[in-house]
There are 2 protein chains.
Amino acid sequence: MAGASKKNRATGSANAITADLVAVLVAVTDGEPKIMTIANDGALPSGPFEFAHRSLQTGLRSWVEAQTGHPLGYVEQLYTFADRGRAGDATSPHSISISYLGLTREDKVGQGFEAHWSGWYEYFPWEDRRAGVPASLAKTLASRLRAWAKSAETTSLQRERWQRAAITFGLDDREWNEELVLQRYELLYEAGLIPEAVRDGISAAAVIPGRPMTGDHRRILATGIARLRAKIKYRPVVFELMPAEFTLLQLQRSVEALAGRLVHKQNFRRLIEQQQLVEETGAIAADTVGRPAKLFRFRHGVLAERAIAGTKLPLSRT
Amino acid sequence: MAGASKKNRATGSANAITADLVAVLVAVTDGEPKIMTIANDGALPSGPFEFAHRSLQTGLRSWVEAQTGHPLGYVEQLYTFADRGRAGDATSPHSISISYLGLTREDKVGQGFEAHWSGWYEYFPWEDRRAGVPASLAKTLASRLRAWAKSAETTSLQRERWQRAAITFGLDDREWNEELVLQRYELLYEAGLIPEAVRDGISAAAVIPGRPMTGDHRRILATGIARLRAKIKYRPVVFELMPAEFTLLQLQRSVEALAGRLVHKQNFRRLIEQQQLVEETGAIAADTVGRPAKLFRFRHGVLAERAIAGTKLPLSRT
DNA sequence: TCGGTTATGCTCAGGATAAGTATAAGCTAG
DNA sequence: CTAGCTTATACTTATCCTGAGCATAACCGA
């Protein structure tokens, strides 16, 4: 490999390829997680990779800031994809996609920009369990997965498939793990239960609800959601998605929106306050139902003070 | 961005670049973490990116397996680097490095291969705290960092720099966080305390101990170590680095080697056993000092049974 | 047989967590 | 103006997890 490297470098562009940036830009509005989409909401924002900037990170950041007129709070690299046959076109496989996750706020989007914000659960209906298991999916999904498992050749393969489905989808009384977004998507792809699989020539059963995307964008989105759901548990990144001032319930709703499940209110507050992540502004929330809540702001100081552990989701079992 | 993409694609290779794979291949032998190195131990194995395989992952896997004659247990993508001016040569910036972390065992390396295994603490002496803070570094490092902090222009910048150094290096009675490998490396780079910084034209103070690497390979290695140190806490990946049968102390020593710090023996065992990660082989370790230990093997079943949480490092404070 | 070394079982205190109870403070319908 | 709804916020309780240490077992060699 090392030897081959020198050889290719010497002879020139033997391995020239093209690279694209793909961005998963997330905002939370009114307790709903949104992502920026283009192409009639069928694709994530993407474009050719530019070497104009010192790093990929700063390049993406300045691009988004130019488009939205708003500083991109948090950016992190997601993954570099290069699988052939997964882009929807097997004809031009010599391209790789470098994907990023970025956190913003919807209200600050600049004028004249063709992008929209779409709810991310449009693309992943099965990931939203805040109101319990989605009724439209509960039975269909499990039975389709069972059919897929049964269609395997040997008995042990059948068992293997079903065990995998049961773990990733929390079937057979197993616990639902909200972080397995990508594993669930990949399993549905393999099982031929989503349009992308049909497109790529996987033998297709009837397809389940959930909007598809071009190329492997929905896979990239799944990667982003999974990363974010993991991250909010040990880094205080939720605050990048909040307005400057917010109530504790609003904060809780945002976390729940991202995680796709409900948390225990009192314990959530204890967690937030004992970690000194927020401070009171002194003001009180207006136009609310019920007892008015205190407004809080994020204590930006904590980021400098210590290497903090974030939120941790005190889940409620009901 | 999306529009520009189409344009460039239409006109051809306007944004053609080259991509390299860089591998951080880890093994643990006799309680020492090793990495595979080439070029007189001054570089990580790397080579041109090939589209021959279905995915980057399988490409790397088959390459390593061909070289070492041994199935690569665990592979995961680390990061895609494309910073200009960090490769040691500002002349050819139109290349990106896709880096991978792979776990193997040293003893299975194939014949006639020019790669070596080097202890990773040769490159990061300050990361090994198993025998306490390294004597050769304790004073030098702190005073150099303090000097760097003081050399900032404003008082607030000075405080900021020192706070950052104190957090990442556990100074001023702060706790040492073994996962901040990359942050520590980057800080040393910025402070001009390592040869790579001198090479890249950062104004250089006297350099601290620790072997440099070509390009930004040491940065990639730091990324790999950090990822692995985080991973062993929530995924049972240590076992990829162990022989088929091992004693619990050997397992503990491997974890300690990776983490760079000691753990509490009894609590470590409790953790391992209560999670049912291992099972007795029935055999007893031979040629040991002290009371002979039972031999264990990894229960591969757990990977299928549940989405497991790994080891978690019951650190001892002494 | 004693001292050194490692293995292994067990206890104990303190802290973190999950869950629930109780009370406060606003609103609106009647 | 008050009952009943909603949300906010303070406490309580039982349980589990974690860090730490003690005690004993089993081997070796001097």
Side-chain angles (χ1 to χ4, degrees), chain A residues 30-31 130 175-176 178 233-234 245-256 259 261-297 308-318, chain B residues 30-31 130 175-178 232-234 245-256 259 261-297 308-318:
Chain A
D30 298 329
R130 288 174 293 176
E175 275 215 15
W176 173 262
E178 70 279 354
K233 291 177 189 166
Y234 62 95
E245 303 194 350
F246 48 84
T247 70
L248 292 181
L249 186 58
Q250 286 168 345
L251 182 65
Q252 182 185 342
R253 293 284 177 247
S254 293
V255 170
E256 290 173 336
R261 50 197 313 194
L262 301 177
V263 306
H264 184 108
K265 186 195 277 199
Q266 294 91 327
N267 292 344
F268 176 76
R269 297 163 105 94
R270 178 178 57 195
L271 222 59
I272 297 291
E273 284 174 349
Q274 94 187 150
Q275 292 192 139
Q276 299 175 286
L277 291 173
V278 298
E279 61 189 4
E280 297 184 16
T281 66
I284 298 282
D287 67 295
T288 57
V289 193
R291 174 174 168 179
K294 291 176 193 165
L295 284 173
F296 292 82
R297 75 169 71 89
I308 5 73
T311 311
K312 260 195 174 180
L313 298 200
L315 296 173
S316 58
R317 290 188 183 148
T318 45
Chain B
D30 297 330
R130 287 174 294 175
E175 276 214 14
W176 173 261
N177 184 341
E178 71 278 355
I232 50 174
K233 291 176 189 166
Y234 62 97
E245 303 194 351
F246 48 84
T247 69
L248 291 181
L249 184 59
Q250 286 169 345
L251 182 66
Q252 183 184 341
R253 293 284 177 247
S254 293
V255 170
E256 290 174 335
R261 49 197 314 193
L262 301 177
V263 306
H264 184 110
K265 185 194 277 198
Q266 293 92 326
N267 292 344
F268 177 76
R269 296 164 107 95
R270 177 175 60 191
L271 221 59
I272 297 292
E273 284 175 349
Q274 94 188 148
Q275 292 193 141
Q276 300 175 285
L277 292 172
V278 298
E279 62 188 4
E280 298 184 16
T281 66
I284 298 283
D287 67 298
T288 56
V289 193
R291 174 174 169 179
K294 291 177 191 164
L295 284 173
F296 292 82
R297 75 170 71 90
I308 6 74
T311 312
K312 263 201 173 177
L313 296 200
L315 296 173
S316 59
R317 290 188 185 148
T318 44

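These numbers come from the heavy atoms of this one structure, side chains and all, not from hydrogens, waters or symmetry mates. Small disclaimer: the values here were computed from a predicted structure and weren't measured. Every chain is numbered from 1 and lettered A, B, ... according to where its sequence line falls, protein lines coming before strand lines.
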Using a strict 4.0 Å threshold on nitrogen-to-oxygen distance, state whether A:Glu256 and A:Lys265 make a salt bridge. no
May I ask you to say what A:Lys294 touches in the nucleic acid, namely base, sugar-phosphate or nothing, with a heavy-atom cut-off under 4.0 Å? sugar-phosphate
To the nearest Å, how far apart are B:Phe246 CZ and C:dA7 C1'? 16 Å
Please list, chain by chain and in numerical order, all residues satisfying side chain to side chain donor-acceptor pair (under 3.5 Å) with B:Glu280, sequence neighbours excluded. B:Lys294
Is the shortest side-chain N/O distance from A:Lys265 to OP1 or OP2 of D:dT9 below 4.0 Å? no
Rounded to whole angstrom units, what separation is found between the NE2 atom of A:His264 and the P atom of C:dT21? 11 Å
Produce a footprint string for nucleotides 22-30 of chain C: one letter per nucleotide, 5' end first; B if the base is under 4.0 Å from any protein heavy atom, S if only the sugar-phosphate is, - if neither. --BBB----
d(A:Leu271 CG, A:His264 NE2) to nearest 0.5 Å is 11.5 Å
C:dG9 P sits how many Å from B:Phe268 CZ, rounded? 15 Å
What integer distance in Å separates A:Arg270:CZ from D:dT13:C1'? 11 Å
For B:Asn267 and C:dA7, give me the distance from atom CG to atom P, rounded to whole Å. 16 Å
Under 3.5 Å, is there an N or O donor on one side and an acceptor on the other linking the side chain of B:Arg269 and the base of C:dG9? no
How close or far is atom P of C:dA19 from atom CG of A:Leu262, stated in whole angstroms? 13 Å
Does A:Arg291 have any side-chain contact (heavy atoms from CB on, under 4.5 Å) partners at least two apart in sequence or in another chain, and if so, which? none
Identify, with sequence neighbours excluded, every residue that meets side chain to side chain donor-acceptor pair (under 3.5 Å) alongside A:Glu279. A:Arg297
Applying side chain to side chain donor-acceptor pair (under 3.5 Å), name anything that partners B:Gln250, two or more places apart in sequence or on another chain. none
To the nearest Å, give me how far apart CD1 (A:Ile284) and P (D:dA8) are. 11 Å
Taking atom C1' of D:dT9 as reference, at what distance in whole Å does atom CD of A:Gln274 sit? 16 Å
Go through the structure and list residues passing side-chain contact (heavy atoms from CB on, under 4.5 Å) with A:Ala293, not counting sequence neighbours. A:Thr247
